[in-house]
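Here is the structure we will look at.
Letters A, B, ... are given to chains in the order of the sequence lines, protein chains preceding strands, and every chain is numbered from 1.
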Amino acid sequence: DAGITQSPRHKVTETGTPVTLRCHQTENHRYMYWYRQDPGHGLRLIHYSYGVKDTDKGEVSDGYSVSRSKTEDFLLTLESATSSQTSVYFCAISDSRDSREQYFGPGTRLTVT
Amino acid sequence: DAKTTQPNSMESNEEEPVHLPCNHSTISGTDYIHWYRQLPSQGPEYVIHGLTSNVNNRMASLAIAEDRKSSTLILHRATLRDAAVYYCILRDGSATNKLIFGTGTLLAVQP
């Protein structure tokens with residue numbers, strides 16, 4: 001299994017509070033991704049990174065920001081959490097733009113009350 | 001982004017072959033066809049991918065129609081551990097490595 005960990009694995013927070021989710025990899029892969037998964041929508045890309053300090057938006061980026069100061073860490077921040085951001089969040093990595101595979105982490109279940 | 005259409009759910013019996021269909025009528029010449037699956041309470045995992053020719057690996061086979069407007073993922077002998085949601089995804093080979101997931105097919109395997 002690819003060395004990807006996500007923390008925390010579960011979190012309950014209140015509306016309006018900031019939340020940061022962490023993805024850590026030990027594979028030295030260049031590309032990292034954040035997805036969210038909701039019933040009826042499959043997985044949707046939030047943001048992705050193609051190198052340290054290089055990030056770009058995905059299809060559902062509103063309300064989220066990301067940072068990547070080191071190759072191994074990709075942080076997803078909800079500046080002011082809303083109930084619509086209750087979801088399961090998955091991090092993924094790949095070693096190149098043309099990589100056939102993305103390797104996914106175990107997921108973080110976030111509940112915003 | 002090109003879209004795919006899959007049945008919402010399918011059933012199979014253990015140790016029988018399973019054919020999971022996917023339609024992608026708007027596929028472009030640079031789109032790769034990827035299949036991922038997601039077991040309960042886990043992140044998705046790569047299964048197989050192809051461009052034009054049929055592909056085989058240890059997990060499955062991918063049969064691609066000659067016009068590339070459809071494809072079929074074949075599990076040769078389903079096991080209970082194959083029960084999962086299977087996603088058919090088109091990836092633009094000329095762009096960044098972004099995957100656009102649909103809602104997939106939920107495969108149930110009966111003993």
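- Residues B:Tyr36 and A:Gln102 share a closest heavy-atom pair of OH-N, 2.7 Å.
- Among all heavy-atom pairs drawn from B:Tyr87 and A:Gln37, the shortest one is OH-NE2, 3.2 Å.
- Side-chain contact check for A:Tyr35 versus B:Leu99: some heavy-atom pair is nearer than 4.5 Å.
- More than 12 heavy atoms of other residues, nucleotides or ligands sit less than 6.0 Å from atom CG of B:Asp67.
- The environment of CZ in A:Arg109 is sparse: at most 12 heavy-atom neighbours from other residues, nucleotides or ligands sit within 6.0 Å.
- Under a hydrophobic clustering in which Ile, Leu, Val, Met, Phe, Trp and Tyr are joined whenever their side-chain heavy atoms come within less than 4.5 Å, directly or via other members, B:Met59 and B:Leu75 fall into the same cluster.
- The shortest non-hydrogen separation linking A:Leu43 to B:Phe101 is O-CB, 3.3 Å.
- For the set B:Gly104, B:Gly102, B:Pro44, the entry with the most heavy-atom pairs within less than 4.5 Å of chain A is B:Pro44.
- Linking ILVMFWY residues whenever their side-chain heavy atoms come closer than 4.5 Å, directly or via other members, leaves A:Ile46 and A:Leu75 in distinct clusters.
- Note on A:Tyr103: it does not cluster hydrophobically with B:Leu39, by side-chain heavy-atom contacts below 4.5 Å among ILVMFWY residues.
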